[in-house]
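Before any comments, here is the structure.
Numbering starts at 1 and runs along the sequence shown.
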Amino acid sequence: MLKRKLEQQRDHLDDKDEPKKAVSIERATISDFFGCPLWLKFYNTENKLNETLDELDPPPGIKCIYNPIVYASQLHCDYLRRYLNGTKKLIFIGMNPGPNGMAQTGIPFGNVRTVKVLMQLSGSVEKPPNEHPKRPVVGLNCRIEEPSGVRLWELFLRLAGNMETFAQQCFVHNFCPLAFFDEAGKNLTPSELKGTYKQQLRDRCLDTLEEQLHLLQPQVIVAVGEYVHTALKRSKFCKSDSVTVLRLPHPSPRSVKNNNWPEKAQAFLEDNGLIRYVRNEA
């Protein structure tokens, strides 16, 4: 408990009275006055993407759109500040926020238990402007586990031992920052969207990802799921001979033939020589 409190004080996680987004940026600017830190450069690319996505007209079938980078900005910035302190050799890229994961916590695949216990992050989460009654945002009070987040993060932390070791060379990110729900509250993934909006969303997210990859300079990029893997085929950064792009099946129970995902995912990491990055041994 003492260690946790000291870490929270060090990382400025305790101020709950000031506006969360402003606090994260202001403190980073003061403490890193010799130059803009990498995590803040990354966060700025996300904010620019948010602005471009706001310009798009979603199709009628979408009732609500959540952007947890905005309403869960404190936790999101805390995640970036703590675990994105330098370039990364290995990046895992998921599709978009899950309703009980990043949509609640602002952290990719961030089921509540992982965020609170394993990452030791805490803080408040605001509400999206248009909240679906069947998809309430309650932040770290959410009691429903995100299966994808449980599977992904528990595998990584079982192999690495702790977040600090994992984060030395690895980082987890989402391709699209938005979660989509229809009239009935059904979660719609970007792959399930229709019309020109689907392509416009992909193209704008990919443009931002290009900028983010140039910031992080990964050697290996693992697309978590087919949607991201297909999108990365359009990436100029990923066409470099010095970059390896791989596809890991998505951990979601909704995915076809997804039994024993942790065992299959560990075999994937072993077969492709990625365990050494996860354990900071490369």
The test is side chain to side chain donor-acceptor pair (under 3.5 Å); show your working for Q266 and R158 and say whether it passes.
CA-CA 10 Å; Q266 180 170 343; R158 176 167 57 81; 3.0 Å; yes
Contact summary for [X] and [Y], nearest pair of heavy atoms:
X: P128; Y: V137; result: CD-CG2, 3.6 Å
X: P177; Y: L49; result: CD-CD2, 3.8 Å
X: L201; Y: L178; result: CD1-CD1, 4.2 Å
X: R202; Y: A231; result: CG-CB, 4.3 Å
X: V224; Y: P249; result: CG1-O, 4.3 Å
X: L84; Y: L38; result: O-CB, 4.3 Å

Do [X] side-chain atoms and [Y] backbone N/O form a donor-acceptor pair below 3.5 Å?
X: R204; Y: T52; answer: yes
X: N100; Y: N111; answer: no
X: S73; Y: I69; answer: no
X: Q74; Y: S124; answer: yes
X: Q104; Y: G139; answer: yes
X: N187; Y: F181; answer: no
X: H132; Y: D182; answer: yes
X: T114; Y: G110; answer: no
X: Y66; Y: R135; answer: yes
X: T165; Y: R279; answer: no

Do [X] and [Y] have side chains that approach each other closer than 4.5 Å (heavy atoms only, starting at C-beta)?
X: V243; Y: I221; value: yes
X: I107; Y: M119; value: yes
X: L216; Y: H173; value: no
X: V220; Y: Q169; value: no
X: L213; Y: P218; value: yes
X: V245; Y: V222; value: no
X: F175; Y: L206; value: yes
X: V115; Y: Y79; value: no

Mind checking the [atom1]-[atom2] spacing from [X] to [Y]? Nearest 0.5 Å is all I need.
X: H229; Y: I93; atom1: NE2; atom2: CD1; value: 11.0 Å
X: T196; Y: D57; atom1: OG1; atom2: CG; value: 8.5 Å
X: Q120; Y: M163; atom1: CD; atom2: CE; value: 11.0 Å
X: W39; Y: L80; atom1: CH2; atom2: CG; value: 6.5 Å
X: E263; Y: W261; atom1: CD; atom2: CH2; value: 10.0 Å
X: L140; Y: K116; atom1: CG; atom2: NZ; value: 6.0 Å

Using a strict threshold of under 4.0 Å (side-chain N to carboxylate O), is an ion pair present between [Y] and [X]?
X: R113; Y: E146; result: no
X: D78; Y: R81; result: yes
X: K48; Y: E211; result: yes
X: E131; Y: K127; result: yes

Is a side-chain donor-acceptor pair under 3.5 Å present for Q168 with E164?
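No, no side-chain donor-acceptor contact under 3.5 Å.
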In terms of hydrophobic clusters joined by side-chain contacts under 4.5 Å, are [X] and [Y] together?
X: V150; Y: L248; value: no
X: L118; Y: V172; value: yes
X: L56; Y: I65; value: yes
X: L152; Y: F268; value: yes
X: M102; Y: L193; value: no

Here's a test for you: under side-chain hydrogen bond (donor to acceptor under 3.5 Å, both in side chains), which of Q212, H214, E210 qualifies with T45?
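Result for side-chain hydrogen bond (donor to acceptor under 3.5 Å, both in side chains) with T45: Q212.
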Should the heavy atoms of other residues, nucleotides or ligands under 6.0 Å from [atom1] of [X] be counted, would the total exceed 12?
X: K186; atom1: NZ; answer: no
X: R234; atom1: CZ; answer: no
X: K264; atom1: NZ; answer: yes

Between [X] and [Y], is the ring centre distance below 6.0 Å?
X: F42; Y: F171; value: yes
X: H250; Y: F109; value: yes
X: W153; Y: F166; value: yes

Students often mix this up, so state it plainly: with edges at 30° and 60°, are the rings of F156 and F92 parallel, tilted or perpendicular?
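Plane angle between 30° and 60°, so tilted.
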